[in-house]
Every structure is written in structure tokens, then in C-alpha cells.
Amino acid sequence: MNAALDVRGLTTRFDTRGGMVTAVNDVSFAVEPGRIMGLVGESGSGKSVTGFSILGLIDAPGEISAGQVLVDGTDLRTLAPDALRRMRGRRVAMVFQDPMMTLNPVLRVGDQMAMAVRVHDNVSKRAAWDRARAALDTVGIPAAAERLRAYPHQLSGGMRQRVAIATALLHRPSVIIADEPTTALDVSIQGQILAEVRRLADETGTAIVWVTHDLAVVSSLADDICVMYAGRIVESGTAEQVIGAPRHPYTRGLIDSVPSLHPPGQPLPQIPGSTPQLVNLPSGCPFRPRCPRATEICATDPPLSGTDHPALCHHPLTEAPA
Amino acid sequence: MTLLSVSGVSKRFSRKPGILGRALDRITGESSAQTVHALTGIDIAVPRGEVLGLVGESGCGKSTLGRIVSGIYTPSDGSVTLNGKPVARMRGGNVQKLTTAVQMIHQDPFASLDPRMKVGETISEGPRLHGLWSASEAQGKVRDLLEQVGLEGAYANRLPHQFSGGQRQRIAIARALAMEPELLVLDEAVASLDVSIQAQVLNLFMELRQRLNLTALFISHDLSVVRHVCDRVAIMYLGRVVELASAADLYDAPQHPYTKALFASVPTLGTGRAAFQPIEGEIPSPLDPPPGCAFHPRCPFAGPRCRAEVPALKPAPTGVVACHLNDGGTELGKTAA
Ligand SMILES: Nc1ncnc2c1ncn2[C@@H]1O[C@H](COP(=O)(O)OP(=O)(O)OP(=O)(O)O)[C@@H](O)[C@H]1O
Ligand SMILES: Nc1ncnc2c1ncn2[C@@H]1O[C@H](COP(=O)(O)OP(=O)(O)OP(=O)(O)O)[C@@H](O)[C@H]1O
Ligand code: SF4
Ligand code: SF4
Ligand SMILES: [Mg+2]
Ligand SMILES: [Mg+2]
């Protein structure tokens with residue numbers, strides 16, 4: 001099947017006072033229609049910058065210095081600013097951790113959703129409201145017609161996030177990039193949204209990139225997983241492959257440090273050290289100072305081994321799958 | 001022996017609208033000045049050496065309870081005692097005594113340290129102020145504490161910005177331990193840390209608790225973290241404790257319908273795709289809590305009695321549970337006691 005989103009060699013740098021920061025370093029992945037790709041990594045690993053780079057939303061001192069972003073086969077990076085703006089919201093949309101990045105506090109939900117419809121489609125106000133109501137229905141908001149007349153502050157945090165997701169869905173985009181959309185929500189509300197998102201991907205065929213630091217969430221939601229460390233994707237595969245048989249020592253360490261996999265009260269296996277500063281990152285594998293498998297050769301750039309479940313490592317945990 | 005005893009504690013806040021609230025009131029033609037019932041009738045006893053987990057969703061009152069126990073808030077009703085001595089009346093001259101006995105560690109290690117103060121000064125400030133340490137011994141004590149939390153003694157001369165999030169949380173723990181507290185209140189102390197760093201801080205906490213026989217209230221919304229470090233766990237919903245049991249019993253055999261639903265709704269690692277069952281409905285507003293059992297609008301077992309009568313905490317097969325199913329049933333007129 002053709003990928004809805006195909007990212008190739010995406011590289012984004014920030015020219016900071018401290019030096020050059022390569023926040024996204026030669027990132028490649030593809031998401032097919034109806035699939036959910038979980039992009040996991042710790043704070044500062046480059047997840048959000050990857051999302052913004054896909055949409056071409058990088059401002060100085062940042063610069064997308066290389067790569068292609070194919071949405072339904074069209075490379076967004078070659079489009080003129082006007083054409084890119086038409087693609088955004090229409091073919092590829094974004095949902096943020098804070099729904100108020102999308103919502104306007106002084107407009108009724110229905111008015112702002114109708115405006116979002118009419119930005120791209122020349123339809124009557126009435127028809128736009130109908131589409132807004134249908135979108136709220138799709139994300140499981142009860143009494144959608146009433147909610148359209150509410151102001152954002154009259155809705156709970158979970159409802160607001162559903163409205164933001166519904167807004168992203170208005171134009172039936174091929175791709176939705178969702179950046180930590182449930183991180184600020186309560187577990188019971190997060191569970192509801194995850195279930196809706198799974199259903200949406202299955203029913204609408206939208207390809208979804210779900211950015212999160214929460215391994216448990218991606219393992220329950222995603223079809224495929226990419227693990228990021230220091231700006232690079234260090235491992236990718238199906239959720240079963242990556243969670244069940246991780247090949248990169250960093251992924252292994254992350255999974256091992258989750259408390260639910262160990263008897264209560266026992267010391268947890270921990271990854272020593274802390275996440276690296278990206279300014280003036282030394283050459284070779286950036287995980288080297290924390291890695292139990294590191295050898296001298298790790299001071300050189302690690303190769304990508306395996307095609308089905310690749311890992312960026314000199315000494316991956318299991319042999320490259322055939 | 002009971003160290004901390006919380007009896008019949010309630011806390012109400014009267015919420016006056018802010019500037020934005022008032023502006024929105026004008027737009028929407030409603031008034032937002034109301035009373036928040038943050039806590040209602042909390043009874044908890046914590047023996048010395050125990051780590052008690054407080055779990056519940058946003059706004060259920062975990063931090064408010066932590067602050068009342070720490071003497072930061074005064075309860076609207078009820079009392080809190082530490083070693084049998086009332087905490088709420090320790091005002092004025094006695095409040096200093098209290099603030100050394102209970103130490104709170106907060107979620108955000110970035111906000112809780114003064115950015116202009118060297119780490120050594122941050123740690124020794126409290127003990128010096130309260131006369132626990134003399135000027136001459138402070139330096140050595142700071143070095144000891146830093147080493148206890150897994151940092152180098154020489155770090156005393158550095159500023160907070162020179163440390164990572166996990167290291168700052170270690171410094172916050174060292175600062176709390178410096179006061180030789182009888183009780184630690186950890187409010188989402190590992191929530192803002194990355195998974196790999198979270199394991200380091202949890203290991204440190206478990207090791208210190210063994211070594212120093214610490215007593216702690218461990219507030220967290222992360223069920224797997226709570227299971228790992230707590231002896232007993234209290235599940236809260238909308239300002240009340242709805243279940244309290246040993247961690248092992250609670251996780252193996254949750255009794256309250258909310259506890260069961262909460263556990264089922266959390267994705268866990270290794271259970272595979274969509275192996276969770278979300279709870280229906282929204283968390284009700286503490287401004288306008290539902291009558292009877294506050295969970296009834298979302299509870300699959302709710303009956304007429306649940307809408308009319310608040311269930312009391314009663315002994316259950318394991319621990320204590322506040323649910324009519326555990327107390328005669330959900331039909332009206334079936335009160336057991
Ligand atoms: N505008 C900017 N200027 C300079 N550096 C930046 C800028 N935006 C991001 N960075 C750097 O890029 C790196 C990746 O940041 P990013 O926000 O993508 O991380 P993340 O994986 O989303 O982390 P988190 O989980 O904390 O959201 C970080 O080191 C960050 O400091
Ligand atoms: N100082 C205050 N003034 C007014 N209302 C308050 C105050 N502190 C807390 N509240 C309210 O009391 C209720 C309980 O809040 P609390 O902070 O204890 O919840 P929590 O369980 O700690 O939630 P979270 O998981 O979000 O930290 C909430 O409705 C909150 O808005
Ligand atoms: S390349 Fe070397 S240092 Fe990097 S993860 Fe693999 S074994 Fe560890
Ligand atoms: S008292 Fe009734 S509504 Fe409340 S949890 Fe029990 S069965 Fe459900
Ligand atoms: Mg981010
Ligand atoms: Mg809190």
C-alpha cells in the first residue's frame with residue numbers, strides 16, 4: 001500500500017548561541033493509511049520538532065536543512081508557501097498537547113469550527129455548522145449540537161482535546177500529527193480518547209503520528225513504533241516487535257525501567273546518566289556514555305541494521321531479522 | 001504506632017472569578033463564584049515507617065490533603081495530628097516546629113529550587129534557620145546529604161541550572177531530608193521526570209526509606225509507580241477516599257467499582273493493543289458534586305440508593321471501601337448498619 005506520509009532524511013537544525021543543535025537528524029519513516037505510528041522518546045529527543053518540521057512550521061533560528069515530506073505522494077518541502085498553507089489543515093493536520101493552541105477562548109466552539117471549514121471550502125455557514133457537528137459526533141462527544149454553542153472554558157480538558165481532534169478531522173486529512181495530546185489529561189479521559197482515536201484510524205483511514213513519551217500508551221495504541229534518541233530514530237518496527245523484542249540497547253533500557261514489569265519494592269533497572277545535551281554532540285553513537293553494550297567502535301557512527309525491524313546500533317540485542 | 005492521624009478532615013474553597021472569569025461571565029451571562037468541596041470527611045492513619053499512596057484523578061484533592069498535612073492549609077473541619085499532637089493549632093510560634101516535622105517534595109524540580117542559590121545554601125538554609133545545624137557543621141552535613149542522594153559532595157557549590165531534572169529532584173530530596181522530618185509528603189515527585197530518570201529517583205527513594213525508616217505520603221496519578229513503592233494505597237474520588245487497602249490487595253483484587261474501572265482504563269506495557277477499557281463519562285465538577293455516591297453517573301452498578309445516599313467507608317473483604325454494594329446493596333431502604 002502507498003504511504004499516506006513518507007518522511008525521508010528529514011533534518012532540522014537550530015543555530016543557537018551555544019552552537020549548532022541538530023534536533024532532527026536524518027529521520028525517515030512512513031505511515032500507511034489507517035495506521036497509527038507512535039513516535040516515542042524522552043524530553044528533548046526531537047519529537048515535537050519532527051512534527052513541526054513535517055508541517056513546515058520551523059522559524060529562525062531553526063532551518064529544515066534536508067529531507068522530503070511526502071503526503072499522498074506530494075513533497076511538501078517543494079511547495080510554495082501558499083500551496084503549503086492549503087495542504088495544512090486540509091491534507092495534514094496537527095493536534096497539540098494544549099488544546100488551547102487550536103481553540104480561540106472567546107469564540108463559540110461551533111463558530112470557530114465553522115470558520116475552519118470555510119477557510120478551505122466555500123460552503124454556507126449552515127453547512128459548515130453541520131460538518132462541525134458531524135465531526136464532534138465522530139470523536140464521541142455527546143450532545144454535539146449543544147457543545148457547538150459552548151465556549152471552550154465551559155468544556156472539560158478532555159472535551160476540549162476532543163474538540164481539537166474534531167477540528168483536525170474537519171477536512172478528512174490523510175495525516176494527523178498528534179503531539180502528546182493526552183499527556184495533560186486524566187487516565188480515565190485518556191483511555192476514552194485513545195479508544196476513539198483507534199476507532200477513527202480504523203474507520204476513516206487517516207494515518208496518525210502519535211507523539212508521546214509514554215511507552216505504555218504507544219504499546220496499547222500504535223501499530224508501529226519509532227524510538228527517538230538525541231534527534232535520531234534509533235529503532236523502528238511494529239509495536240509487537242519494538243516492545244516485545246527491542247533491538248536497541250536504549251529501547252531495552254527504557255522498557256526495563258518501567259515499574260509494572262518488576263516485583264513491587266525491588267530496585268528498578270535504571271539507565272545511568274542523563275539525556276544528552278544536543279549542542280556539540282560528540283561523533284559516534286550518542287547513547288554511548290550510558291550504554292552497557294558500548295565498545296570502542298561505538299565512537300563511530302552506528303549503522304542501520306535490519307530492514308524489517310531496523311536498529312541504529314553497532315551491537316543490537318538480536319540479530320538483524322532476515 | 002500511628003504517626004499521622006487525619007480525622008474527619010474537610011476543606012472548602014470559595015472560588016471567586018478572576019479577571020478572565022469575570023469577562024467570560026459577562027459574555028455568557030453566568031456567575032462563576034462558588035464553593036469548591038476539595039475534601040470531605042477524610043479519615044486516614046499512617047503508622048511510622050509506612051509509605052501510603054494517594055491516587056486519584058485531577059482535582060480529587062490529593063495535593064490539598066498533602067498541604068493540610070504539611071500545615072500549609074488549615075482544614076475547614078476535622079483535625080490532623082502528628083505523634084498525637086494537633087497540627088492545625090500549631091499556629092504562630094508552633095508553626096516552625098511543624099514545618100520541620102513534615103517536609104513536602106513537589107512535582108517540578110525546576111520551580112522548587114531558588115535559581116540564584118548555591119545547592120549547598122539551599123540545603124542548609126532550613127536546618128540553620130531552625131537551629132538544627134551550627135554554622136561549623138553545615139558544610140559537612142551538606143556533603144553527607146548530597147552523597148546520600150547519589151550526588152558528589154563538591155556539587156554544593158553549584159547553581160541549580162547546572163543540574164538535570166533528575167539531579168534537581170535529588171537535591172530537593174536532600175533538602176527535605178536535611179530537616180530530619182518525621183513525615184515526607186511527595187506530591188507527584190517523579191511525574192515530570194523522563195522514564196529512565198524516574199527509575200533512578202524511585203530507586204533512591206526506596207533505598208532511603210529502608211535506611212532511614214521513612215514515613216511518607218506518596219501522591220501520584222501513576223498506578224504502576226504507586227504499586228511499586230507504596231505499602232498501602234488510598235484511592236480518592238472527588239474529595240473522598242473510596243477505597244483503602246494494602247497495595248498488594250488493591251492491585252490484585254480491587255473492590256470499589258471506580259478502582260476497578262480505573263485499573264482497567266490504564267494502558268500497561270506488554271498487554272498488547274487496545275487492552276484497556278475506558279471509563280465512560282466525565283469527571284464531575286467539585287463545584288457541583290453529584291448527590292449520593294459521587295461516582296454514580298459513571299458507575300455501571302448504580303442503583304436508586306446510590307443517587308440518594310453517600311456510601312460510608314466500611315470494612316470489605318480486603319481493606320475498606322465506600323460503596324453500597326459492600327454495605328447492603330444499591331436498592332433504597334437496604335441499609336445494613
Ligand atoms: N526554537 C528552538 N531553538 C533552539 N533549540 C530548539 C528550539 N526548539 C527546539 N529546540 C531543541 O531541539 C531539541 C528537540 O526538542 P523537541 O521539542 O523536539 O523535544 P521533544 O522530544 O518534543 O521533547 P518533550 O518530550 O520535552 O516535548 C531540544 O534539544 C530543544 O532544546
Ligand atoms: N487554593 C485553592 N483555591 C481554590 N480552589 C482550590 C485551591 N486549591 C485547590 N483547589 C481546588 O480543590 C480541588 C482539589 O484540588 P487538588 O489540587 O487538591 O487536586 P489534586 O488531586 O492534587 O489534582 P491534580 O492531580 O490535578 O494535582 C480542585 O477542584 C481545585 O481546583
Ligand atoms: S552503537 Fe554502541 S553505544 Fe550505541 S547503542 Fe549500540 S552498542 Fe550502545
Ligand atoms: S455506591 Fe453505587 S454508584 Fe457508588 S460505586 Fe457503589 S454501586 Fe457504584
Ligand atoms: Mg515535545
Ligand atoms: Mg495535585
Side-chain angles (χ1 to χ4, degrees), chain A residues 41-45 105-106 142 150-151 153-154 156-159 184-196 198 213-223 239-240 243-244 250 253-275 290, chain B residues 20-21 23-24 27-28 30 32 56-59 163-167 192-203 206-207 221-231 247-248 251 258 261-262 264-283 285 298:
Chain A
E42 296 184 286
S43 191
S45 58
V106 299
Y151 290 90
H153 81 274
Q154 295 172 316
S156 67
M159 276 300 160
L185 300 178
D186 274 306
V187 282
S188 75
I189 306 303
Q190 163 171 285
Q192 295 170 356
I193 291 186
L194 296 182
E196 294 296 346
R198 183 67 254 175
H213 66 279
D214 191 328
L215 278 172
V217 164
V218 282
S219 77
S220 310
L221 174 75
D223 300 293
E240 290 77 17
I243 302 292
Y250 172 64
L254 271 189
I255 293 172
D256 282 346
S257 61
V258 171
S260 60
L261 302 178
H262 304 278
Q266 295 306 303
L268 299 164
Q270 61 185 45
I271 301 178
S274 52
T275 41
R290 310 174 74 188
Chain B
L20 181 66
L24 289 165
I27 297 173
T28 59
E30 289 164 16
S32 49
E57 297 183 275
S58 185
F163 294 93
S164 69
Q167 288 174 322
S192 65
L193 302 177
D194 275 321
V195 209
S196 71
I197 308 303
Q198 180 180 297
Q200 297 174 0
V201 175
L202 290 176
N203 283 346
M206 290 188 290
E207 185 213 315
H221 67 278
D222 186 325
L223 295 169
S224 68
V225 166
V226 167
R227 155 121 233 211
H228 204 79
V229 303
C230 297
D231 304 310
Y251 283 73
Y258 173 65
L262 188 65
S265 73
V266 178
T268 41
L269 201 61
T271 48
R273 192 125 80 63
F276 61 93
Q277 193 59 49
I279 309 180
E280 311 252 313
E282 290 200 57
I283 303 166
S285 160
R298 307 171 81 188

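Sequence lines set the chain letters: A, B, ... in the order given, protein chains first and strands last, and positions in each chain run from 1.
Considering CZ of Arg227(B) and NE2 of His262(A), their distance stands at 13.5 Å, rounded to 0.5 Å. Taking CG from Leu269(B) and OG from Ser220(A), the interatomic distance works out to 8.0 Å, rounded to the nearest 0.5 Å. For the atom pair Asp194(B) CG and Ser45(A) OG, the distance stands at 8.0 Å (nearest 0.5 Å).
Among the candidates Cys230(B), Ser58(B), Gly56(B), Ala261(B), the residue making the largest number of heavy-atom pairs closer than 4.5 Å to chain A is Ser58(B).
Taking both residues in full, the closest heavy atoms of Val187(A) and His221(B) are given as CG1-O, 4.5 Å, listed atom of the first, atom of the second, then distance. Closest approach of Ser257(A) to Ala199(B), counting heavy atoms only: CB-CB, 3.7 Å.
If you measure heavy-atom distances from Ile193(A) to chain B, you find no contacts under 4.5 Å at all. Heavy atoms of Ile279(B) lying under 4.5 Å from chain A belong to its backbone as well as its side chain. For Glu280(B), the part lying under 4.5 angstrom from a heavy atom of chain A is the backbone only.
Looking at Ser196(B) and Glu42(A), their side chains do bring a donor and an acceptor atom within 3.5 Å of each other.
Evaluation of the side-chain hydrogen bond (donor to acceptor under 3.5 Å, both in side chains) test over residues 184-195 of chain A, restricted to residues two or more places apart or in two chains, returns Arg162(A)-Gln192(A), Thr182(A)-Gln190(A), Ser188(A)-Glu57(B), Ser188(A)-Arg298(B).
Within the 4.5 Å cutoff, the side chain of Ile283(B) has no heavy atoms near those of the Ser156(A) side chain. With a 4.5 Å cut-off on side-chain heavy atoms, Pro259(A) and Leu202(B) count as touching.
Gln200(B) places a side-chain N or O within donor-acceptor distance of the main-chain N or O of Gly273(A), the cut-off being under 3.5 Å. Side chain of His228(B) to backbone of Gln266(A): a donor-acceptor contact under 3.5 angstrom is found.
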